[in-house]
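Can you read through this structure? Questions will come right after.
Every heavy atom of this structure was used, including side-chain atoms; hydrogens, water molecules and symmetry mates were not.
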Amino acid sequence: QVQVVESGGGLVQTGGSLRLSCAASGIIFSLFAMGWYRQAPGKQRELVADITTGGRTNYADSVKGRFTISRDNAKNTVYLQMDSLKPEDTAVYYCNSKPVRAGYWGQGTQVTVSS
């Protein structure tokens, strides 16, 4: 059974930083490209950043230069370092494989950036 647990969210002021973690179990983690996704109220879920099995990264234009995705296959964990946060980054953040698999969604972690 696949389990995905996101953590590290919180309330931060504009310009602040947070580091999100996503621990996955029940899969051979190193074989999956992984992504961080977010969903703001009233908006569709969007891909924020992804990382291939080989460590190549891609970012949405809205977060490029501010967010950094990384992975630790020994810990079955993917991270998202978020710097220079803006109010428009406020959302629930999820991780999943890329492409997504329906059974891999966790509960998400709330990120709120105050102005």
Side-chain angles (χ1 to χ4, degrees):
Q1 183 177 353
V2 177
Q3 187 174 19
V4 174
V5 180
E6 300 96 343
S7 61
L11 173 64
V12 65
Q13 291 185 333
T14 297
S17 298
L18 286 172
R19 188 192 194 207
L20 306 184
S21 298
C22 168
S25 60
I27 61 172
I28 304 175
F29 182 79
S30 61
L31 298 182
F32 290 83
M34 297 296 296
W36 278 99
Y37 305 79
R38 68 184 180 188
Q39 187 167 22
K43 295 187 176 181
Q44 288 190 331
R45 195 170 297 183
E46 62 174 348
L47 176 65
V48 173
D50 64 89
I51 184 166
T52 67
T53 55
R56 188 170 64 248
T57 58
N58 296 286
Y59 298 93
D61 287 343
S62 58
V63 306
K64 203 170 292 184
R66 300 188 297 121
F67 290 10
T68 303
I69 188 171
S70 61
R71 65 190 298 160
D72 185 338
N73 290 336
K75 296 182 178 180
N76 286 8
T77 300
V78 59
Y79 303 98
L80 187 68
Q81 177 67 41
M82 305 187 297
D83 299 316
S84 303
L85 282 161
K86 304 176 181 180
E88 51 264 43
D89 296 317
T90 294
V92 179
Y93 285 71
Y94 304 86
C95 73
N96 201 315
S97 58
K98 184 180 181 293
V100 300
R101 290 166 171 82
Y104 289 14
W105 291 113
Q107 82 289 348
T109 186
Q110 176 71 47
V111 171
T112 303
V113 185
S114 63
S115 57

* Within the side chain of Asn96, is there an N or O that forms a donor-acceptor pair under 3.5 Å with the backbone of Gly35? -> no
Review point. Crowded around Leu31 CG? As in, over 12 foreign heavy atoms under 6.0 Å?
Key: yes
Checklist entry - Short question: side chain of Trp105, backbone of Val4 - any donor-acceptor pair under 3.5 Å? => result no
Closest heavy-atom pair, Tyr59 versus Lys64, reported as atoms and distance to 0.1 Å, is O-CE, 3.6 Å
In this structure, CE of Met34 is separated from OH of Tyr104 (nearest 0.5 Å) by 9.0 Å
Applying side chain to side chain contact (heavy atoms under 4.5 Å, CB included) to Thr52 and not counting sequence neighbours gives Arg56
Q) Has Arg71 got its NZ or CZ under 6.0 Å from the middle of the six-membered ring of Phe29, at an angle within 45 degrees of the ring axis? A) yes
Tightest non-hydrogen contact, residues Leu80 and Ala49, listed as CD1-CB, 4.2 Å
Nearest heavy-atom contact between Phe32 and Ile28 is CD1-O, 3.2 Å
Kindly work out whether a path of hydrophobic side-chain contacts (I/L/V/M/F/W/Y, heavy atoms less than 4.5 Å apart) joins Val63 to Val78.
yes
Would you say Gln107's side chain and Glu6's backbone share a donor-acceptor pair under 3.5 angstrom? yes
Next on the checklist: If hydrophobic clusters are built from ILVMFWY residues whose side chains come within less than 4.5 Å, do Val48 and Val5 share one?
Outcome noted: no
- Query: Does Met82 share a hydrophobic cluster with Tyr79, counting links as ILVMFWY side-chain heavy atoms below 4.5 Å and allowing steps through other members?
  - Reply: no
Next on the checklist: Surrounding NZ of Lys43 (heavy atoms of other residues, nucleotides or ligands, distance under 6.0 Å), is the total greater than 12?
Outcome noted: no
Pairing of Lys86 and Asp89 as salt bridge, 4.0 angstrom limit: no
So CG of Asn76 and CD1 of Ile27: to nearest 0.5 Å the spacing works out to 7.0 Å
Rounding to 0.5 Å, atoms SG (Cys95) and CD1 (Ile69) come to a distance of 9.0 Å
Residues Ser115 and Pro87: closest non-hydrogen pair is CB-CG, 3.9 Å
| query | Angle class for the Phe67/Tyr93 ring planes (parallel below 30°, perpendicular above 60°, tilted otherwise)? | reply | tilted
Please tabulate, for the side chains in residues 9-24, all donor-acceptor contacts under 3.5 angstrom to protein atoms that are two or more places apart in sequence or on a different chain.
from  : atom 1 : to     : atom 2 : distance (Å)
Thr14 : OG1    : Ser114 : O      : 2.8
Ser17 : OG     : Asp83  : OD1    : 2.7

In this structure, CG of Leu47 is separated from CZ of Arg38 (nearest 0.5 Å) by 10.0 Å
query = Would you say the side-chain atoms of Thr57 pair up with the backbone N or O of Ile51, donor to acceptor, closer than 3.5 Å?
reply = no
Residues Arg66 and Leu85: closest non-hydrogen pair is NH1-CA, 3.8 Å
